[in-house]
Novice: 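This structure is in structure tokens; I'll ask about it shortly.
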Protein chains: 2
Amino acid sequence: MTTINDDTIANRISRVLADRIVTGQLEPGAKLRQDHIAEEFGASHVPVREAFRKLEAQGLAVSEPRRGVRVASFDLKEVREVALMRAELEGLALRQAAPHLTSSILDQAEAATVAGDNSRDVRSWEEANRRFHRLILVPCAMPRLLAAIDDLHSVSARFLFSAWRSDWEVRTDYDHRAILGFLRRGNLDNAVAVLERHVQWIGQKPVKSATGSTRDAFAIVG
Amino acid sequence: MTTINDDTIANRISRVLADRIVTGQLEPGAKLRQDHIAEEFGASHVPVREAFRKLEAQGLAVSEPRRGVRVASFDLKEVREVALMRAELEGLALRQAAPHLTSSILDQAEAATVAGDNSRDVRSWEEANRRFHRLILVPCAMPRLLAAIDDLHSVSARFLFSAWRSDWEVRTDYDHRAILGFLRRGNLDNAVAVLERHVQWIGQKPVKSATGSTRDAFAIVG
DNA sequence: CCGTTTAAATTTATAGATAATTTGTGATTC
DNA sequence: GAATCACAAATTATCTATAAATTTAAACGG
């Protein structure tokens, strides 16, 4: 039996590019040239174009009709927009998921919180944080809603990595613990309230640019 | 000057197919064969595949890796899911749009409501209904949010056309009027509350199938 | 009647051709 | 002499045409 090629080349390219954009290896506004990318992946430019379309749908790239596609840029306004959307949709998901939450799931979510608190770098903190959110939301069993939340999470992560690429300070996530506490006690309304506030929390941080001047970086921290 | 080719062939194909799926000309589960579609549009299959990717992102088609793409099917569960998502997101959009609403906009929205009440067929009712929602939400100036709402509206419309393809009874939209009333009086909380309830209202209707048996059809009516 | 093999249809990917946009160069004007 | 406009060349995206791989179906044999 040969190697099972479960997904298409276009999907593979799309995943790699998405990761590069989210982690900041590809900077906002950078041009994505299909021929170059095709060459890098040892493929032709047709699957590359299909990958572009997927990135576009996820909000990670923007395509101008006959002028090519660029990495999507963002500003504080868009950080806020994504935070608000996540708050609403995650609140909805938690309400629907609550009846199906087991103590086993909540234990796993607590473990994810601990893992996040012990994370020494942004990347692993983000991974643990996403695991927490997914764990308590997936039982809502609403695929379209979960897919939408997932896309927003990717964009959130991009903001996060943009602001805290290398320097990350350890902090304890009291919100996650409060949410779990309310869920264990069956107090859904408070759990949702904390979650929605939590996701809207936008961290702010001064960043020194190459010229010595400082600009403010913003990111959703939750 | 020649005909301005503002958008790509792929976008054009995508729009036409989306319309066919939404109006029910293409039934759920129907296979979309790229060569046939390419031939119909006098194009090759590359732009067709790109159109497929867009439809997939909108939730109108599903693609299995090497087995082609089909028109997305749906059930009552998904109707509910879309209704809940629309309720949350439209509520959010209205809250953000409220400070920017002018009496001129509200007048146009009222005109759209009247047009809806006078509509004799589903299609024109849907068009007027969508116009109403867009008018009061667009001033939120959140492009990603509005795009998400727009996609959900398309899916809503698909459910609607599926249930009431030909027989549509005229009805007066009290909810729209109540929303406008609250907005005019500056009572945002009540306006949002009515809107969220309004969008979650799922109409139900018995439909006679070819065999003589009856099944229930469902659709978001708002 | 069921499983295997063969053939047709269809998706996926490649390579090449076309069209449009951008960029660089040169000429003309102020 | 500097700046702007026009034109040309190169780069890049888009589409067509063709080939390879995979799935679906159909036929054959047990």
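A note on names: the letters A, B, ... follow the listed sequences, proteins ahead of strands, and every chain is numbered from 1.
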Novice: Compute the centroid of each ring, for H36(A) and then for H45(A), and state whether the two points are separated by less than 6.0 Å.
Specialist: no

Novice: With a 3.5 Å cut-off and just heavy-atom distances, do the side chain of H36(B) and the base of dA9(C) make a donor-acceptor pair?
Specialist: no

Novice: Find the distance I37(A):CD1 to dA13(C):P and express it as a whole number of Å.
Specialist: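 About 16 Å, once rounded to whole Å.
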
Novice: So, is R33(B) near the phosphate of dT11(C), with a side-chain N or O under 4.0 Å from OP1 or OP2?
Specialist: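 Negative; the distance criterion is not met.
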
Novice: Nearest-Å distance, CD1 (I9(B)) to C1' (dT16(D))?
Specialist: 10 Å

Novice: Considering heavy-atom distances to DNA chain C, does R67(A) or S44(A) have its closest nucleotide positioned more toward the 5' end?
Specialist: S44(A)

Novice: Nearest-Å distance, CD (E50(B)) to P (dC15(D))?
Specialist: 7 Å

Novice: Hey, which sits more toward the 5' end of DNA chain C by its nearest nucleotide, K31(A) or A10(A)?
Specialist: A10(A)

Novice: Rounded to whole Å, please give me the gap between CZ in R66(B) and C1' in dA13(C).
Specialist: 9 Å

Novice: Would you please indicate if the ring centroids of F74(A) and F159(A) are separated by under 6.0 Å?
Specialist: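 Distance test on ring centres: under 6.0 Å, yes.
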
Novice: When you look at H176(A) and N129(A), which way does the side chain to side chain donor-acceptor pair (under 3.5 Å) test go after all the steps?
Specialist: CA-CA 9 Å; H176(A) 282 195; N129(A) 182 59; 3.2 Å; yes

Novice: Yes or no on side chain to side chain donor-acceptor pair (under 3.5 Å) for N11(B) and S14(B), after CA distance, side-chain angles and deciding distance?
Specialist: CA-CA 5 Å; N11(B) 279 337; S14(B) 153; 5.3 Å; no

Novice: State which of dT14(C), dT16(D), dT10(C) makes the closest approach to the side chain of A43(B).
Specialist: dT16(D)

Novice: Counting side-chain heavy atoms from C-beta on, which of dA13(C), dT11(C), dT14(D) comes nearest to Q34(A)?
Specialist: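 Selected nucleotide (nearest to the side chain): dT14(D).
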
Novice: Mark yes or no for whether R86(B), through its side chain, and G222(B), through its backbone, hold a donor-acceptor pair below 3.5 Å.
Specialist: yes

Novice: Would you say T8(B) places a side-chain N or O within less than 4.0 Å of OP1 or OP2 belonging to dC15(D)?
Specialist: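 Affirmative; the distance criterion is met.
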
Novice: How long is the line joining CG of D35(A) and C1' of dA17(C), in whole Å?
Specialist: 13 Å

Novice: Which nucleotide wins on minimum distance to the side chain of R49(B), given the candidates dT14(C), dT23(D), dA13(C)?
Specialist: dA13(C)

Novice: Report the nucleotide, chosen from dT16(D), dT18(D), dA13(D), that has the shortest atom-to-atom distance to any side-chain atom of H45(B).
Specialist: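 Nearest to the side-chain atoms of H45(B), counting from C-beta on, is dT18(D).
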
